[in-house]
Amino acid sequence: MAEQVTIGRIGEYVDQVVSIKGWLYNRRDKGRLQFLLVRDGTGTIQAVAFKRDLEPAAWEAAAQVTQESSLVVTGIVRADDRAPGGYELGITDLEIVQMAGEYPIALKSHGVDFLMENRHLWLRAPSQWAVLRVRATVIRAVRNWLDDHDFMLVDAPILTPAACEGTTTLFETEYFGEKAYLSQSGQLYNEAAMEAFGKVYCFGPAFRAEKSKTRRHLIEFWMVEPEMAYVDLEGCMEVEEQLVAHIAQEVLAHCRPELEILERDVSKLEAITAPFPRISYDDALKILAEAGEPLDWGEDFGAPHETVLGNHFDRPVFVHRYPAQCKAFYMAEDPVDPKLSLSVDLLAPEGYGEIIGGGQRAHDLALLERRIAEHKLPQEAFAWYLDLRRYGSVPHSGFGLGIERTVAWMCGVHHIRETIPFPRTMGRIYP
RNA sequence: UCCUCGGUAGCUCAAUGGUAGAGCGGUCGGCUGUUAACCGAUUGGUUGUUGGUUCGAGUCCAGCCCGAGGAGCCA
């Protein structure tokens, strides 16, 4: 075996004999000439076998190997315009590691149900490879940006004693004889961490047992939630736009091959630069009325409204100061108009809707107690949370950014179930 | 939970109430530059399920199961 290399770096090995350990993506049989498309996780390369150039055993392996068999292929790297990707491997030897049986996923279109039933194999498809590589890049960009801007990672618990927000349906489990719930947000714990460490974030899964059946909902999804002491609504928006712009730049910088596979219009990503437009809820109602999607004051946006607002601008748009009645109990009150909350959502263009929800939190003890009562939440469950307002309460803000929605937007994929390796959707927990 | 649509070969889909088919995949054969290669042959079925109407049901009716699209909720 020659030096083992990865396809992602194959351009560094032109005219050298190398080995690639991978899997057979596809084979085109031309008789005494075989084209093998080999992938190794970092990319795909065409390997070419001529019968007269090979030992009989190696030729036989090249002629027999089945789709998705694992193999080690050795040959000379050539630059060739006829090859997809510009490089090909002139095979000198081929060893089959495991001969795959008839592979379920043919190289043609399939239905969603079938692909989801075979998600463990579908991950190998070029489109899914590309989306999940973008996901990894998005997550890396988020963590690097926050780490580089003095945010401290403080993870929140998954098992919780009560609802964080009291709105969505929770997954119930049992905790040594007591009821417990899977976390729907790290938000409240973040606020405790914020008073200990200043600027913090948690990054983890969230669970919502809503029977949602739309392209922008998952039962289990990942969320990054920064929380910042002594930061007001305006400061919160500044952090959000810097973070989102950085994500787009990192995807553009590191995921060109992936975006090409996904046929993503990169000009849409290049447009994602700060500052983002800021409109109030009241401004948004005017835009909606003009666009023929009128909404009564006090109503929250539905999917069509978010789409109209997102498409009204060429970059993400902040909508701030929603009526207090359509936001969570912990949002701060607008001192100018107490009917409004100091909340802000970030809506993405192209119909991807709400990417971020957040805003300034209520830091006044009396207001928070009143809100908990208004929302008919159990006061005792929030005793520790109210303590945060008794001992050194400060104005503070935070937000939650949905990883899957962001990845779907970056990739231009229609449904967020493709942006997580093993999606949990309503009625599906296999594989 | 509500509305709409669907379930036929491993997959994607056809089939006036009257003999269940095609393409892809698989298998065999052919081809020295293929790009989801192509050409020929071949393999492949309890039509989601239960009951009903009918001389006869993949097709019509009812219930149930499963899935998809959307709504509400939100990241």
Side-chain angles (χ1 to χ4, degrees), chain A residues 25-37 44 46-54 59 63-64 66-68 78 80-85 88 90 100-118 121-122 125-126 164-170 184-187 203-225 240 299-306 326-328 345-348 352-358 399-409 414-417 419-420 425-428 430:
Chain A
Y25 173 64
N26 191 20
R27 182 160 58 92
R28 287 188 273 270
D29 184 341
K30 280 281 295 174
R32 272 164 286 187
L33 172 62
Q34 302 278 344
F35 294 97
L36 307 183
L37 272 99
T44 304
Q46 170 171 286
V48 188
F50 289 101
K51 185 174 186 180
R52 69 169 183 212
D53 295 344
L54 288 181
W59 169 256
Q64 301 280 312
T66 52
Q67 184 188 0
E68 288 304 329
R78 293 191 293 253
D80 192 316
D81 290 341
R82 294 171 297 186
E88 68 178 21
E102 186 180 338
Y103 193 64
I105 303 181
L107 300 177
K108 46 166 278 191
S109 62
H110 293 281
V112 171
D113 185 40
F114 175 76
L115 290 171
M116 281 302 169
E117 199 68 17
N118 289 283
L121 302 177
W122 188 27
C164 283
E165 311 199 0
T167 50
T168 51
T169 315
L170 301 174
Q184 58 180 334
S185 164
Q187 147 90 52
F203 184 87
F207 307 88
R208 300 197 180 165
E210 291 289 337
K211 295 191 171 177
S212 300
K213 287 189 56 134
T214 79
R215 65 196 183 90
R216 47 171 66 145
H217 287 91
L218 292 171
I219 300 303
E220 176 182 307
F221 65 99
W222 287 69
M223 189 156 58
V224 61
E225 295 175 278
E240 290 182 29
E299 297 285 307
D300 204 354
F301 303 139
H305 307 108
E306 286 188 3
C326 42
K327 287 294 172 185
D345 287 352
L346 184 68
L347 306 183
Y352 287 97
E354 186 182 341
I355 298 295
I356 293 180
F399 59 93
L401 179 146
I403 294 296
E404 288 77 19
R405 287 184 182 179
T406 303
V407 174
W409 172 34
H414 182 252
H415 200 301
I416 66 168
R417 66 186 158 215
T419 65
I420 187 167
T425 53
M426 184 183 144
R428 183 186 296 284
Y430 176 92

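Lettering of chains follows the sequences in order, A, B, ..., and the numbering in each one begins at 1.
Both A/R27 and A/D80 lie near RNA chain B, and the one whose nearest nucleotide falls closer to the 5' end is A/D80. Both A/R52 and A/M223 lie close to RNA chain B; mapped to their nearest nucleotides by heavy-atom distance, the more 5′-ward contact belongs to A/R52.
Under the 4.5 Å side-chain criterion, counting only non-hydrogen atoms from C-beta, A/E210 is not in contact with A/H217. Within the 4.5 Å cutoff, no side-chain heavy atoms of A/I105 are placed close to those of A/Q67. With contacts defined as side-chain heavy-atom distances shorter than 4.5 Å, the pair A/Y103/A/L121 qualifies. A/P126 is not listed as a side-chain neighbour of A/T44, based on a closest heavy-atom distance of 4.5 Å or more.
Annotation: side chain to side chain donor-acceptor pair (under 3.5 Å) contacts involving residues 107-116 of chain A, sequence neighbours excluded, comprise A/D113-A/R428.
Annotation: B/C5 and B/G48 have their C1' atoms spaced 16 Å apart (nearest Å). Comparing the C1' positions of B/A57 and B/G18 gives a spacing of 10 Å, expressed to the nearest Å. Between B/U49 and B/C39, the two C1' atoms lie 43 Å apart (nearest whole Å). A distance of about 9 Å separates the C1' atoms of B/C13 and B/U8, rounded to the whole Å. B/U50 and B/U59 have their P atoms separated by 13 Å, with the value rounded to a whole Å. Nucleotides B/U19 and B/G33 place their P atoms 47 Å apart, quoted to the nearest Å. Remark: the separation of the P atoms in B/G7 and B/G58 is 14 Å, to the nearest Å. With both ends at atom C1', the span from B/A20 to B/G44 equals 13 Å, rounded to whole Å.
Taking every heavy atom of both residues into account, A/L54 and A/A49 meet most closely at CD1-CB, 3.8 Å. Of all heavy-atom pairs between A/E88 and A/D80, the closest is OE2-OD2, 3.7 Å. Taking both residues in full, the closest heavy atoms of A/M223 and A/R208 are given as CE-NH2, 4.1 Å, listed atom of the first, atom of the second, then distance. Taking each heavy atom of A/R405 and A/E354 in turn, the nearest pair found is NH1-O, 2.8 Å. The nearest pair of heavy atoms linking A/A100 to A/T66 is O-OG1, 2.7 Å. Heavy atoms only, all atoms of each residue included: A/G353 and A/E306 are closest at CA-OE1, 3.3 Å.
Here A/A408 pairs with A/Y352, A/V413, A/I416, A/T419 under the side-chain contact (heavy atoms from CB on, under 4.5 Å) rule; sequence neighbours left out. With sequence neighbours excluded, the residues satisfying salt bridge (Lys or Arg N to Asp or Glu O under 4.0 Å) with A/D29 are A/R27.
Looking at A/R28, its side chain comes within 3.5 Å of the base of B/U34 through a donor and an acceptor atom. On a pure distance criterion of 3.5 Å, a polar donor-acceptor pair joins the side chain of A/R405 and the base of B/C74. The base of B/U34 is paired with the side chain of A/Q46 by a donor and an acceptor separated by under 3.5 Å. Side-chain atoms of A/Q34 stay outside donor-acceptor range of the base of B/G33, with no qualifying N/O pair under 3.5 Å. For B/A68, the base has a donor-acceptor partner in the side chain of A/K213 [N/O atoms by modelled type, under 3.5 angstrom].
One can place CG of A/D81 at 14 Å from P of B/U34, the figure rounded to the nearest angstrom. One atom, CD of A/E306, and another, C1' of B/G70, lie 15 Å apart when rounded to the nearest Å. The NZ atom of A/K51 sits 13 Å away from the C1' atom of B/G30 (whole-angstrom rounding). The distance between atom CE of A/M426 and atom P of B/G69, rounded to the nearest whole Å, is 12 Å. Remark: C1' of B/U12 and CG of A/L115 are 11 Å apart, rounded to the nearest angstrom. Taking atom NZ on A/K30 and atom P on B/G30, their separation rounds to 14 Å, with Å as the unit. When the P atom of B/G69 is taken as reference, atom CG of A/D113 falls 10 Å away, rounded to whole Å. In this structure, CZ of A/R215 is placed 13 Å from P of B/G72, rounded to the nearest angstrom.
Using a 4.0 Å heavy-atom distance criterion, A/I105 is classed as making no nucleic acid contact. Within the 4.0 angstrom heavy-atom criterion, no nucleotide atom of any strand lies near A/E117. A/I356 comes within 4.0 angstrom of sugar-phosphate atoms only, judged by non-hydrogen atoms across all strands, and of no base. Using a 4.0 Å heavy-atom distance criterion, A/A303 is classed as a sugar-phosphate-only contact. A/G31 comes within 4.0 angstrom of a base, heavy atoms only. Residue contacts shown for A/E299 are absent, as no nucleic acid heavy atom lies under 4.0 Å away.
You'll find that the side chain of A/T214 is closest to B/A71, out of B/A71, B/A75, B/G67. In this structure, of B/A75, B/U32, B/A68, it is B/A75 that holds the atom nearest to the side chain of A/E354. When each of B/A68, B/G33, B/C74 is scored by its nearest atom to the side-chain atoms of A/L33, the top-ranked nucleotide is B/G33. Among B/A71, B/G69, B/U27, the nucleotide with an atom closest to any side-chain atom of A/R417 is B/G69. Set against B/G72, B/U32, B/U27, the side chain of A/F50 has B/U32 as its closest nucleotide. Checking B/G33, B/A68, B/U27 against the side-chain heavy atoms of A/T66 singles out B/U27 as nearest.
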At a cut-off of 3.5 Å, list every protein nitrogen or oxygen paired with a nitrogen or oxygen from nucleotides 38-49 of chain B, distance to 0.1 Å.
none

Using atom names, set out every protein N or O paired with an N or O of nucleotides 5-11 of chain B below 3.5 Å, distance rounded to 0.1 Å.
{"unit_1": "B/C11", "atom_1": "O2'", "unit_2": "A/H110", "atom_2": "ND1", "d": "2.5"}
{"unit_1": "B/C11", "atom_1": "O2", "unit_2": "A/K108", "atom_2": "NZ", "d": "2.6"}

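Between A/Y103 and B/G25, no base-stacking contact is recorded for ring centres under 5.5 Å apart and planes less than 30° from parallel.
Judged purely by atom type and a 3.5 angstrom limit, A/R215 uses its side chain to pair as donor or acceptor with the backbone of A/H414.
Remark: A/L347 CG to A/H305 NE2 distance equals 12.5 Å, nearest 0.5 Å.
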_Watson-Crick and G-U pairing of RNA chain B, under 3.5 Å, as dot-bracket with | and [ ]_ = (((((((..((((....[..))))((((((.......))))))....(((((..]....))))))))))))....
